[in-house]
Protein chains: 2
Amino acid sequence: MKTNALFKRSYNQALDMLAGAQVGAPLPSEPAMAAALGISRTTVRAVLAALATHKIITIDGRFKQQSRLPKRSDYLADADLEPLADMVERKFMAWLVGPDCSPGHTINGLDLARQFGVSTSAIRDCLNKFSHFGLLERQSNGRWRTLGLTVDFVAELFDMRELIEFRAVARFVALPKDDPLWSDLSILEEEHHAFLADFDRRNREFSDLDHRFHKLVDSAVPNRFLGNIQGVMSVIFHYHYQWNKKDEVDRNHRALNEHLAYIDGLKSGNPHKARDACQAHLHTARSTMLASINPG
Amino acid sequence: MKTNALFKRSYNQALDMLAGAQVGAPLPSEPAMAAALGISRTTVRAVLAALATHKIITIDGRFKQQSRLPKRSDYLADADLEPLADMVERKFMAWLVGPDCSPGHTINGLDLARQFGVSTSAIRDCLNKFSHFGLLERQSNGRWRTLGLTVDFVAELFDMRELIEFRAVARFVALPKDDPLWSDLSILEEEHHAFLADFDRRNREFSDLDHRFHKLVDSAVPNRFLGNIQGVMSVIFHYHYQWNKKDEVDRNHRALNEHLAYIDGLKSGNPHKARDACQAHLHTARSTMLASINPG
DNA sequence: AATTTGTTTTTTATATAAAAAGAGCAGCCA
DNA sequence: TGGCTGCTCTTTTTATATAAAAAACAAATT
């Protein structure tokens with residue numbers, strides 16, 4: 001069954017609140033408490049019911065009041081909290097790019113579940129997700145095999161990305177001058193300049209800016225199948241570069257300047273100039289990624 | 001609990017093998033049977049035990065022999081012979097293109113589970129899969145919304161398909177003449193002619209031929225991200241056209257001839273001719289699909 | 001009218017049971 | 001020697017039942 005860590009945590013938080021209040025004080029309404037604790041009203045009601053059972057509060061109709069101060073022994077053993085799927089994804093990516101996993105390896109779901117401290121179902125969901133990203137493969141016997149962050153994978157990923165982004169660039173330069181994308185682009189351009197001016201402090205936030213920039217360009221040709229490509233790009237940049245901090249400053253600085261040239265190209269209205277700037281940037285990105293995978 | 005569909009399928013396959021052999025003939029060894037059926041020895045042993053229970057074979061020490069020919073009634077019901085995920089997928093697609101579902105509709109997982117006679121987890125897996133195909137969307141509150149087989153969807157799907165296939169065509173015509181893909185193409189060309197000669201009878205099997213042809217062309221540029229596109233194309237053709245039999249004969253006949261022109265184009269080695277033939281075919285396919293969605 | 005409370009429905013995560021796979025080993029036979 | 005059998009036992013995958021949490025709905029109160 002599902003663990004009730006959230007309930008326990010919320011119960012303890014409620015005790016903390018009561019410890020700071022006076023006996024006889026009325027409690028806030030259920031929706032107010034739900035908002036204060038950041039949980040659903042269902043859970044608030046469960047907490048209130050438990051508090052009443054332990055005679056810490058009394059509930060009379062819709063009027064709730066504190067009947068005594070909470071004691072040390074009232075507290076429940078605590079647990080921590082993070083969206084489960086995110087936690088599994090994070091640990092899995094760390095495992096995938098770490099030394100315990102080599103391409104072609106068969107994945108032991110049970111073992112991963114034990115390592116990560118979650119159920120096998122959570123692992124299963126995660127594996128399903130990454131199989132759509134092309135990082136894993138299902139074998140005939142139902143087992144999973146890692147394909148890993150190989151040179152081939154990066155090559156195919158960037159091939160696809162170029163194909164899509166070249167097309168978007170061609171469409172983008174041809175947009176009417178009153179299209180809202182142009183003003184979005186200008187805003188992003190200014191953000192780039194602001195970023196460069198404050199580069200030393202903000203350098204770490206670059207991946208977000210990069211993601212938003214490419215997303216804007218690609219939005220010139222709306223297509224829901226891009227989601228997969230963008231998703232995997234985003235995941236890889238997010239996780240892979242966490243383990244490759246070397247040359248990060250140079251890498252980001254160069255990419256920023258390439259983005260600005262790219263934006264110039266788009267604004268020029270000249271399809272060839274725009275395409276060349278795009279190609280130059282994607283080429284750098286590809287080389288950077290390949291170099292960081294294959295330092296040899 | 002886990003279904004034993006694999007066991008049932010294997011049991012029926014074993015019956016097929018026995019039906020083709022003679023009474024009194026010795027059976028192959030367990031590992032040999034496991035290899036032949038593509039299953040583990042554990043399952044082979046379960047099948048052998050069941051066959052012995054039904055007196056179809058006799059097991060005497062290490063010597064197994066057939067004691068009688070299998071009868072029609074020996075076969076296990078094919079109701080739950082299909083892998084669960086496939087069954088759910090089939091029913092879900094039928095529901096999605098059926099009258100009970102309109103685009104923008106919120107999906108009730110619990111209700112679908114009841115309708116299909118499976119657990120909510122199976123539904124969850126299926127929804128997850130189709131969300132990667134772009135037919136569904138996750139809402140902020142964790143619910144699912146159908147996007148449906150709309151005109152927009154088809155447009156985006158075919159845009160992406162053209163992008164990929166044009167690139168594959170350019171690569172294909174430039175392949176060296178001794179590349180194995182050329183002989184694969186010739187084999188497929190002959191299959192097309194055979195198909196045309198026996199069109200009235202085989203007409204229904206066209207979607208398989210179509211799928212194999214496009215897969216061959218696309219294989220000129222190996223890229224694992226194609227999997228999604230090909231997957232959704234395949235799913236849509238498979239399910240959607242089940243409900244749109246109107247004009248099927250004309251549609252398939254025309255597509256066959258376009259394929260042949262397309263193959264000619266590839267074989268000519270002229271990139272423009274090949275591309276034109278490809279474009280013509282994809283254009284027809286797009287119109288056909290749009291017409292069948294939007295008969296108005 | 002806006003908010004609070006009581007109730008029901010739906011989604012999410014895990015524990016669990018069964019199926020299938022796989023490993024190990026002694027004995028047998030060509 | 002090398003492969004097969006006949007066991008048994010462990011591991012892994014898969015599907016479901018079920019509890020927890022969230023959300024939606026409906027009635028009641030201020």
Side-chain angles (χ1 to χ4, degrees), chain A residues 1-10 27-35 37-49 59 61-64 81 83-85 87-88 106-114 117-125 127-128 138-144, chain B residues 1-10 27-34 37-49 59-64 80 83-85 87-88 106-114 117-125 127-128 138-144:
Chain A
M1 73 180 175
K2 193 169 176 175
T3 58
N4 61 348
L6 182 60
F7 166 80
K8 287 180 182 168
R9 218 177 110 90
S10 305
L27 273 71
S29 73
E30 290 174 4
M33 286 187 70
L37 296 172
I39 56 178
S40 74
R41 199 160 69 83
T42 305
T43 309
V44 167
R45 286 175 64 80
V47 167
L48 289 176
I59 301 179
R62 78 170 42 192
F63 187 71
K64 306 176 289 287
L81 197 64
L84 186 90
M87 187 267 273
V88 174
T106 300
I107 294 175
N108 182 335
L110 207 58
D111 187 48
L112 282 184
R114 274 192 294 258
V118 298
S119 72
T120 52
S121 319
I123 298 291
R124 205 168 122 76
D125 274 2
L127 293 178
N128 257 312
R138 226 199 180 89
Q139 282 180 318
S140 58
N141 53 4
R143 306 200 149 172
W144 296 95
Chain B
M1 75 181 178
K2 189 170 177 174
T3 59
N4 61 348
L6 182 61
F7 166 80
K8 288 182 181 167
R9 247 203 330 276
S10 304
L27 272 73
S29 72
E30 290 175 3
M33 286 187 73
L37 295 173
I39 56 178
S40 72
R41 195 156 75 95
T42 306
T43 309
V44 167
R45 286 180 62 79
V47 168
L48 288 176
I59 301 180
D60 175 26
R62 79 173 36 200
F63 189 70
K64 307 179 288 285
D80 36 359
L84 185 91
M87 185 269 274
V88 174
T106 300
I107 294 175
N108 183 335
L110 205 59
D111 187 47
L112 282 183
R114 276 191 293 256
V118 297
S119 71
T120 52
S121 321
I123 298 290
R124 208 170 119 77
D125 275 2
L127 294 178
N128 258 311
R138 229 201 179 89
Q139 285 180 315
S140 57
N141 53 4
R143 305 199 149 174
W144 297 96

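Below, chain A is the first sequence line, B the second, and so on; all start at residue 1. Nothing here was measured: the structure is a model prediction, and the numbers come from that model.
- Contact footprint of chain B on DNA chain C: nucleotides with an atom under 4.0 Å from a non-hydrogen protein atom, first to last in 5' to 3' order, C:dT10 to C:dC28.
- Looking at A:Leu127 and A:Ile107, their side chains come closer than 4.5 Å, going by heavy atoms from C-beta outward.
- Under the 4.5 Å side-chain criterion, counting only non-hydrogen atoms from C-beta, A:Arg138 is in contact with A:Trp144.
- The shortest distance between side-chain heavy atoms of A:Leu48 and A:Leu27 falls below 4.5 Å.
- Side-chain contact between B:Leu112 and B:Asn108 is absent, with no heavy-atom pair separated by less than 4.5 Å.
- Among the atoms of the strands shown, only primed sugar atoms or phosphate atoms (P, OP1, OP2) are found under 4.0 Å from some heavy atom of A:Ser29.
- Residues B:Ser10 and B:Thr43 approach most closely at OG-CG2, 4.4 Å, considering heavy atoms.
- Atoms CZ (A:Phe63) and C1' (D:dT29) sit 15 Å apart, rounded to a whole Å.
- Residues B:Arg124 and A:Asp125 are in side-chain contact: their nearest non-hydrogen atoms beyond the backbone lie under 4.5 Å apart.
- Each of B:Pro28 and A:Gly38 has a nearest nucleotide on DNA chain D; the 5'-most of these lies closest to B:Pro28.
- Taking every heavy atom of both residues into account, B:Ser40 and B:Ala34 meet most closely at C-CB, 4.1 Å.
- Regarding B:Lys2, its NZ atom lies at a distance of 12 Å from the C1' atom of D:dT11, rounded to whole Å.
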What nitrogen or oxygen pairs link the protein and nucleotides 24-28 of chain D at under 3.5 Å?
residue: D:dA24; atom: OP1; partner: B:Asn141; partner atom: ND2; Å: 3.0

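- Judged by closest nucleotide on DNA chain D, A:Ile107 is the one of B:Thr120 and A:Ile107 placed further toward the 5' end.
- Checking A:Glu30 against B:Leu110, the closest nucleotide of DNA chain C that is more toward the 5' end is the one next to A:Glu30.
- B:Leu27 has its CG atom 14 Å from the C1' atom of D:dC4, to the nearest Å.
- Summarising the geometry, atom CZ belonging to B:Arg9 is positioned 10.5 Å from atom CG belonging to B:Asn4; distances are rounded to the nearest 0.5 Å.
- Over its full length, the helix from C:dA1-D:dT30 to C:dA30-D:dT1 turns its helical axis through 30°, comparing axes from the five pairs at each end and rounding to 10°.
- Within the 4.5 Å cutoff, the side chain of A:Val47 has no heavy atoms near those of the A:Met33 side chain.
- Using a 4.5 Å heavy-atom threshold, the side chains of B:Val118 and B:Met87 count as touching.
- The shortest distance between the side-chain N/O atoms of B:Lys64 and the OP1/OP2 oxygens of D:dT5 is below 4.0 Å.
- Nearest-nucleotide mapping onto DNA chain C: of B:Thr43 and B:Asn108, the residue sitting toward the 5' end is B:Asn108.
- In this entry the distance linking CG of A:Leu84 with P of D:dA21 reads 13 Å, nearest Å.
- Side-chain proximity of B:Arg45 to D:dC4, D:dA21, D:dC7: nearest is D:dC7.
- Of the candidates A:Arg62, A:Lys64, A:Arg41, A:Glu30 forms a side-chain hydrogen bond (donor to acceptor under 3.5 Å, both in side chains) with just one, namely A:Arg41.
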